[in-house]
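Worksheet: the structure to be examined is printed underneath.
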Amino acid sequence: MSRVLTTAVAVVPITHSILPRCLRLSNLPPSLTATSHTRTFRRRFFSLYNFRAVSSPVKAGFDVFGDGGSIVQDTGATALVIAGAYALVSTFDFLSERNLIEQNLSRKLVHIISGLLFMASWPIFSASRWARYFASVVPLTNCLRLVTHGLSLVTDEGLIKSVTREGKPEELLRGPLYYVLVLILSAVLFWRESPVGVVSLAMMCGGDGIADIVGRRFGSTKIPYNKQKSWAGSLSMFVFGFLVSIGMLYYFSALGYFHLDWVSTVERVAVVSFVATMVESLPITGTVDDNISVPLVSMVVASLAFA
Ligand SMILES: Nc1ccn([C@@H]2O[C@H](COP(=O)(O)OP(=O)(O)OP(=O)(O)O)[C@@H](O)[C@H]2O)c(=O)n1
Ligand SMILES: C/C(=C\CO)CCC[C@H](C)CCC[C@H](C)CCCC(C)C
C-alpha cells in the first residue's frame with residue numbers, strides 16, 4: 001500500500017471513522033493515490049527546497065508521531081502561513097483604507113486569494129498524518145479573530161474594512177466565518193490526498209469570488225429565477241471555477257499527491273463546476289450563505305464524481 005495511503009488509512013481515527021465510506025481516502029481508486037514514482041518525485045521536490053524526506057527522529061526535526069513527519073516542519077509551516085494570512089489582510093486593509101481599491105473588490109479579492117493560497121501552502125507541511133491539523137490551525141486562528149472582532153470584543157478597523165461589505169463588525173460572523181470553517185473542514189476531511197477538497201475550495205474561492213466581481217460589473221442581464229444574479233456572473237463562476245479547479249488539481253498532481261486520468265477529470269470537474277454554479281445562482285442566499293452552499297454541494301458532487 002502506498003505511503004500516502006498508509007498514512008491516510010492511519011489518519012486520526014476520529015477523521016477516518018466519521019467519514020462515509022465513499023469519502024474515505026482508503027477507498028479512493030488506486031489512480032487517485034500516490035504511487036512509488038510520485039513518492040520519489042516528492043522526495044526530489046522537497047530535497048530541492050531543502051525539505052527533507054525524513055527517515056529518523058534526529059534528522060526529522062522530531063518525528064514525535066513516528067510517521068515520517070516533522071513537528072518542527074509543521075510548526076514552522078503553520079507559523080509561516082499564519083503570518084502570510086495576516087500580511088494578506090493587512091495589505092488589502094492598506095489598499096482599501098487609502099481608497100486605492102474599493103471595499104467590496106478588496107473583500108472579494110481576499111475571498112479569492114486567501115483560500116487558494118492556503119490550499120497552495122499544504123505541500124510545505126510534513127508527511128505526518130497530523131500535518132492537516134497543523135495546517136487547520138491557520139483558518140482556526142482566523143476563525144477566532146473573526147469571532148472576537150465580530151462580537152466587538154476587540155476592534156480592528158483594518159480587518160473589518162478589508163473583509164466586510166458595509167464595514168459592520170457583525171458581518172464577520174457570516175460569510176467570512178463560514179469561509180474559514182469550510183477551509184478547516186476541507187483540510188481535515190480531504191487534505192492534499194483527495195481531489196474533492198481541492199475542487200470544493202477552488203469553487204468556493206475562485207468560482208464564487210469571481211461571480212461577484214464580474215456580475216457586479218457586467219451583469220446587466222439577470223437570471224430569470226433570481227433577479228439578484230446575472231448570466232455574466234454565473235458564467236464567470238463556471239469558467240473560472242473550472243479553470244482554478246483544474247489548475248489546483250494539476251498542482252497537487254505534479255507534486256505527486258495523486259494521480260489523475262485527465263480526460264475523465266476534466267469531465268468530472270465540469271460537472272462539479274456546473275452544479276455549484278447552478279446552486280449559487282439560486283435565490284437562497286438569504287437562507288443559506290454561498291460560502292456554505294457552494295463548497296458543500298461541490299464536496300458532495302465531487303465525492304460522487306471522483307468515487
Ligand atoms: N452569479 C452571480 C453572483 C453575483 N452577482 C453579482 O454580485 C453581487 C453579490 O453577489 P453575492 O453572491 O450575493 O455576494 P455576497 O453574498 O454579497 O458576497 P459573499 O458571498 O462574500 O457573502 C450580486 O448582487 C450581483 O450583483 C451576479 O451578478 N451573478
Ligand atoms: C472575505 C472572505 C470571505 C467572505 O466571502 C475571506 C475571509 C478571509 C479571512 C479573513 C482570512 C483567511 C486566511 C486563510 C485561512 C489563510 C490564508 C493564508 C495565505 C498564505 C494568505
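Ligands are counted one by one from 1 in listed order, and the atoms in each one are counted from 1 as well.
At most 12 non-hydrogen atoms from other residues, nucleotides or ligands lie less than 6.0 angstrom from CD of Q228.
Against a heavy-atom cut-off of under 4.0 Å, V81 is close to the following atoms of ligand 2: 18 (C), 20 (C). Atom numbering of ligand 2 starts at 1 in the shown order; those under 4.0 Å from a heavy atom of L183 are 15 (C). The G84 neighbourhood of ligand 2 comprises atoms 21 (C), with distances under 4.0 Å to a heavy atom of that residue. Less than 4.0 angstrom separates some heavy atom of V138 from each of these atoms of ligand 2: 16 (C). Within the listing of ligand 2, atoms 4 (C), 5 (O) sit less than 4.0 angstrom from a heavy atom of N291.
Checked by atom type and distance alone, the side chain of S234 never pairs as donor or acceptor with a backbone atom of T277 at under 3.5 Å. Listed for the E193 side chain is no donor-acceptor partner under 3.5 Å among the backbone atoms of Y257. Listed for the D74 side chain is a donor-acceptor partner under 3.5 Å among the backbone atoms of S126.
Remark: distances from the non-hydrogen atoms of S121 to ligand 2 are all 4.0 Å or more.
Under 4.0 angstrom from ligand 2, there are no non-hydrogen atoms of I113.
Shortest contact from atom 17 (C) of ligand 2 to any protein heavy atom: S114 O, 3.4 Å. Protein heavy atom closest to atom 9 (C) of ligand 2, with residue, atom name and distance, is V180 CG1, 4.1 Å. Scanning the protein heavy atoms around atom 19 (C) of ligand 2, the nearest turns out to be L117 CB, 3.7 Å.
Residue H111 holds the heavy atom nearest to atom 3 (C) of ligand 2 of all those in K108, R145, H111.
The aromatic rings of W122 and F252 lie tilted to each other, with the angle between the two planes from 30° to 60°.
Residues of the protein with a heavy atom under 4.0 Å from ligand 1 are R107, K108, R165, D208, A211, D212, G215, R216, Q228, K229, S230, G233, S234, E280, D290, listed by chain and number.
Polar contact check, R107 against ligand 2: no nitrogen or oxygen pair lies under 3.5 Å apart. Checked by distance only, ligand 2 and N142 stay at 3.5 Å or farther apart across all their nitrogen or oxygen atoms.
Residues that satisfy the side-chain hydrogen bond (donor to acceptor under 3.5 Å, both in side chains) test with R165, not counting sequence neighbours, are absent from this structure.
The distance from the OG atom of S96 to the CZ atom of R107 is 12.5 Å, given to the nearest 0.5 Å.
Under the ring-ring contact (aromatic ring centres under 6.0 Å, His included) criterion, the residue pairs touching residues 161-184 are H111-Y179, with sequence neighbours excluded. Residue pairs satisfying the salt bridge (charged side-chain N to carboxylate O under 4.0 Å, His left out) criterion with at least one member in residues 135-150, sequence neighbours excluded, are listed as follows: R145-D156.
When all heavy atoms of F306 and V199 are compared, the pair lying nearest together is CE1-CG2, 4.3 Å.
Under 4.0 Å is where a charged nitrogen must lie from a carboxylate oxygen, and between E170 and K168 no such pair does.
Both Y250 and F118 sit in one connected hydrophobic cluster of ILVMFWY residues. Membership requires side-chain heavy atoms under 4.5 Å apart, directly or through other members.
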